[in-house]
Every structure is written in structure tokens, then in C-alpha cells.
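Notes to accompany the following structure.
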Amino acid sequence: MRPTGKTGKRHKSMRHIAIIGSGPAGYYTAEAAQKQWGEDVRVDIFDLLPVPYGLIRTGVAPDHQSIKGVSRRYESTAQLDNVRFVGNVTVGEDITIAELQGLYDAVVLATGAPNDKPAGIPGEGLENVFGSAAFVGWYNGHPQFAKLNPDLTGRTAVVIGNGNVALDVARILTKTAAEFTGSDIVAHALHALQKSHIERVVILGRRGPHQIAMTPKELGELAHLTRGCPRVDPADLPDVEEDLFLEPGQRKSVEHLRSFAAIPEEFRCDKPVEIDFDFFASPKAIVGDGRVSGIEIERTVLDENGRASGTGESYTIDCELVVTCIGYKTSPIPGVPFEENAGRFANDEGRILPGLYCVGWARRGPSGTIGTNRPDGFGVIEKIAEDIGVGSGKAGRPGFDRLAEERKLDVVTFRDWKKIEEAEEARAREGAPREKFTDVDEMIKAASKP
Ligand code: NAP
């Protein structure tokens, strides 16, 4: 696939910016660069996949299409003359960070946090235990995880974590095929879920209802599932007066938990899948002979700092599937300072080293909503503007194109992506916006069509 033919002219006050990662943080940074310098900037957005939008495509739940709609905003940025998508290029393999720094005035790492934070307990390596990056990637058709093939023939699934990703996983495990109408869940996941035998999804929180990281809208969805019924033990809920000390969003979330606790038993029994919130429950070991058959839990109480503290009381939940939803880590890059504990690049307001920056989850860790990345993108461009002035006359995109030609890189352009998108839309099942390609070769094939 050939370069886009977008202008690459070299003049004195031109700034050349390379952004690594085409998710929300990458596109908001490109938008900010365009707003900062207008015609006097050229932005190349690199992605290792031939398709753009990162987490919007492979992280946001397939039944949350309204959230995925934000990609239309990124598309208008992508179609600006001075912003270019450079897909199917793996930084670190096809081109190094140092080479990019030689070509561009600023290199911005917008690589997100694609790796699961380990729970650090025995048994994590057993069969049918997955991190959420892998499990979410499976139902969202990420090429790296499309072949995960989780076994859903057991009766109980345990989801570890009390954040929105845990809610996504619990909801997806529970929905009927009809409830996926209008979603872009990939066919392999839809078929597997239709055949699922799961009757109980336990959501484990090591702390209590007041400490959840779940937002009200997402929590409220559990009340409207066809097959799933949320269950909260009233004894886990603090006195209702204590809710007054919560900030309003958190209070709303807790109100949902209170309403789940109030669902009468007869109604609960109407629905075949129980979504059971198990609070004050810290996982200690995942057990099984090769494959998971249970999870050992220790009861906790909150200490004076609000942290979970073990009580010594333990129990086991028999289960055949475990998904850890406990946060993510950025992929380190050799030579780039990294904060191991926080799982992100070491940076000062986005600055890592001269000419090297980070933004989004790669900068601040996996927190916030998609919109949080917008001020992040604008913030890092402010720093870059202070640092690079009028630009230093680097080769920029024509320099990269020469190198890509020499190395015979099969660069996928935004126009190529639009062909992939068209092909995905053409093969969508009825009512679905698209049927994603889950294999890079299939994507390249669709992109190469005349
Ligand atoms: P999160 O919001 O940080 O939640 C992580 C959860 O895992 C917390 O409840 C945490 O408990 C728990 N945890 C961490 N380490 C643990 C351990 N070793 N053992 C047991 N529990 C552990 O992370 P997330 O759910 O992955 O979400 C990431 C970000 O994406 C968040 O900002 C989230 O809001 C966002 N997101 C948004 C949506 C949406 O808006 N629809 C959907 C998905 C994700 P403690 O609090 O005790 O540490």
C-alpha cells in the first residue's frame, strides 16, 4: 500500500510530530497539534494494527455503541491534510524510537496500557483463567486474542475486581443473543456465549460497596438484563446515612447496589443467571489440576486507611472460569524510563526525555473515561510547543516514507483502513454495524483491494 500523497513539504517553521498509538489519546493529541499549529504541523499516527482507534475498537464493550461513536470525531481529525494514519507499523521492530526521534521534532507515546496487571496469586497460569485484556480482546476481536477460546461450559465464573471492566465482563457473560442486536460483538464470541452454560457470575471486591470503582450508568444496566439478576447481600451495605458522605456519582452507584439488595428472592429466581456481588473478599489462590476448579478467598475488613485487611477467615468458590479485571500496565520500551509499580512511563506532565513524550494511559495509568484523554492530549501539545519552538528542520514524514520504502514496510493508510471498514460493514450480520476482521492478514487483504 502506497503513502497517502498527503503533503510532506519541508519548510522552516514546520513541526513534525510522531504519535505512537491511534487510540483516543493519540487522536486527541493530533487534534490538539492541529489546533496549535494549523498548517505548520505534520502529524503521523502510527499503529501496529492495520486498523485505527485502539481501545475504542477493541476495549469498549461491543454493546456500548454510543461510546464507540466517538471514533467519528477521530475520523475528522484523521482526514485533515496534515494528519496521517500509518498503520501496520510496529515501533520497536519496523522502526526504533531513536530512529523516529531522528525524523520528528517530538515523539509521543500514546500506547495505552495493553497488558493485564497480574493478581500476584498462585494459580494465575491455570487453564481458563484470563486477564481482562485478553478476555475483552477476545469478544472484541483483537487479533492477538481472537483465538483465546475460553471454555464457557462450566456453571460458575468469577470476575475479580470492582471496576467498570468487571461490569463489562459480567454483563457480556450474561446477555442473550437478542441483547447483542446492534452490537459489534464478533461472531466467534457470540456463538460461544450462546452455548454458554454459566449460571452464576461472582464479582469479587476486596473492599466494600462504598469503595467500588463502578459508574452508575454501567451498574444500572445490570438491572435490565434478560437472563441476569444482580444480587447484593444487604449485610454488606453500610448504614444508609453513611452514603451522604459519598460524592454524588458514587452515591448513585451505591443506590444501585441498594436496589439490587432489595430485589425479592422470588423475582431473582425467575432469571437463570445470578450476578453475585461478593464484597470484602480478597482472592488468595486460584486452584485446579491444570484447569481452574475454584478460587480461595479471604474475608477482609477495611483498615483505618480504607485498605483491605485480611481477617484470616477463608472460603472457596467452586468455579470453572476466572477473569481478572484489576487494571492494566503499559508495555515498557527498552531505554525509556518506566515506573514499574504504576505500570506507566516515568514522566513529568508528559515529558519523558528530550523529544520524547507520553499521553493517556501511557502517561497516567489506566484511569478515567475516554474524554479524560482530551485534556491530556492538549496538555502534552502545550509542553511540546514550549520545547520545540518553530521546529528544527527534521525530515519528518518524507524521511519516514524513504525509510519505509527501503525496509519494504507494508504501511496501511487511512484510505486503506476505509476499505477495511467498508468490507467489515458489508459482511455484518443483520442489525450489526460491522463484522470485524480478527486476523491481520485478512485486514491487509481487504485494504489491498483496488
Ligand atoms: P479500575 O477502575 O481501576 O478497577 C480495578 C478494580 O480492581 C478495583 O476495584 C480494585 O480494587 C481491584 N483490584 C486491583 N488489584 C486487585 C487485586 N490484586 N485483587 C483484587 N482486586 C483488585 O480498573 P478497570 O475496571 O480495569 O477500568 C479501567 C478504566 O477504564 C477505569 O477508569 C474505568 O472507569 C474505565 N472504563 C470505563 C468504562 C465505561 O465508562 N463504560 C468501561 C470500562 C472501563 P481496589 O479499589 O481495592 O484497588
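Order of listing sets the numbers, starting from 1, for every ligand and every atom in it. Side-chain atoms are counted along with the backbone in the values below, which use heavy atoms only and exclude waters and symmetry mates. Quick caveat, the model's predicted, so the values are computed rather than measured.
Contact atoms of ligand 1 toward Arg207: 45 (P), 46 (O), 47 (O) (distance under 4.0 Å to a heavy atom of the residue). Near Cys325, meaning under 4.0 Å from one of its heavy atoms, ligand 1 places the atoms 5 (C), 6 (C), 7 (O). Less than 4.0 angstrom separates some heavy atom of Asn162 from each of these atoms of ligand 1: 6 (C), 8 (C), 9 (O). Which parts of ligand 1 touch Val165 is read off a 4.0 Å heavy-atom cut-off, strictly below it: atoms 24 (P), 25 (O), 26 (O), 27 (O), 43 (C), 44 (C). Near Ser367, meaning under 4.0 Å from any of its heavy atoms, are these atoms of ligand 1: 32 (O). Here is the list of ligand 1 atoms found below 4.0 Å of a heavy atom in Tyr328: 26 (O). Close contacts of ligand 1 with Asp168, meaning ligand atoms under 4.0 Å from a residue heavy atom, involve 42 (C), 43 (C).
Partner of Val136 under the side-chain contact (heavy atoms from CB on, under 4.5 Å) criterion, chosen from Ile172, Val165, Thr58: Val165.
Atom 30 (O) of ligand 1 has its closest protein heavy atom at Trp361 CZ2, 3.6 Å. The protein non-hydrogen atom at the shortest distance from atom 40 (O) of ligand 1 is Glu218 OE2, 3.7 Å. Closest to atom 18 (N) of ligand 1 among all protein heavy atoms lies Arg206 NH1, 3.6 Å. Of the protein's heavy atoms, Gly161 CA, 4.0 Å lies nearest to atom 12 (C) of ligand 1. Given atom 22 (C) of ligand 1, the protein heavy atom at minimum distance is Ile326 CG2, 3.4 Å. Scanning the protein heavy atoms around atom 3 (O) of ligand 1, the nearest turns out to be Pro366 O, 4.5 Å. Counting only heavy atoms of the protein, atom 4 (O) of ligand 1 lies nearest to Gly163 CA, 3.6 Å. Annotation: atom 36 (N) of ligand 1 to nearest protein heavy atom, Asn164 CB, 3.8 Å.
Between the choices Gly327, Gly368, Ala281, the shortest heavy-atom distance to atom 23 (O) of ligand 1 belongs to Gly327. Taking all heavy atoms of Ala213, Gly131, Ala133, Gly205 into account, the minimum distance to atom 2 (O) of ligand 1 is reached by Ala213.
Relative orientation of the Tyr139 and Phe135 rings is perpendicular, given thresholds of 30° and 60° on the angle between their planes. Under the 30°/60° scheme for interplanar angles, the aromatic rings of Phe414 and Phe85 are found to stand perpendicular.
The closest approach between any non-hydrogen atom of Thr369 and ligand 1 is not below 4.0 Å. Ligand 1 has at least one atom lying under 4.0 Å from a heavy atom of Lys117.
Side-chain contact of Gln65 with Asp184: a donor-acceptor pair under 3.5 Å is present, judged by distance alone. If you check the side chains of Asn115 and Ser331, you find a donor sitting under 3.5 Å from an acceptor.
Using modelled atom types, no side-chain atom of Asp105 and backbone atom of Ile17 make a donor-acceptor pair closer than 3.5 Å. Checked by atom type and distance alone, the side chain of His256 pairs as donor or acceptor with a backbone atom of Pro216 at under 3.5 Å. The closest donor-acceptor contact from the side chain of Gln250 to the backbone of Ile212 lies under 3.5 Å. Counting only distance, with no hydrogens or angles, the side chain of Lys419 and the backbone of Ala447 share a donor-acceptor pair below 3.5 Å. Side-chain N or O atoms of Lys436 include one that pairs as donor or acceptor with a backbone N or O of Arg57 at under 3.5 Å.
When heavy-atom distances to ligand 1 are checked against a 4.0 Å cut-off, Ile160 comes that close only through its side chain, counted from C-beta outward. Of all the heavy atoms of Ser282, none lies under 4.0 Å from any atom of ligand 1, so neither backbone nor side chain is involved.
Looking at Val159 and Leu167, their side chains never come closer than 4.5 Å, going by heavy atoms from C-beta outward.
By the definition of a contact as any protein heavy atom under 4.0 Å away, atom 32 (O) of ligand 1 is in contact.
Remark: Arg171 does not engage Glu218 in a salt bridge, criterion side-chain N to carboxylate O under 4.0 Å.
Counting heavy atoms of neighbouring residues, nucleotides and ligands inside a 6.0 Å radius, atom CD of Glu242 exceeds 12 of them.
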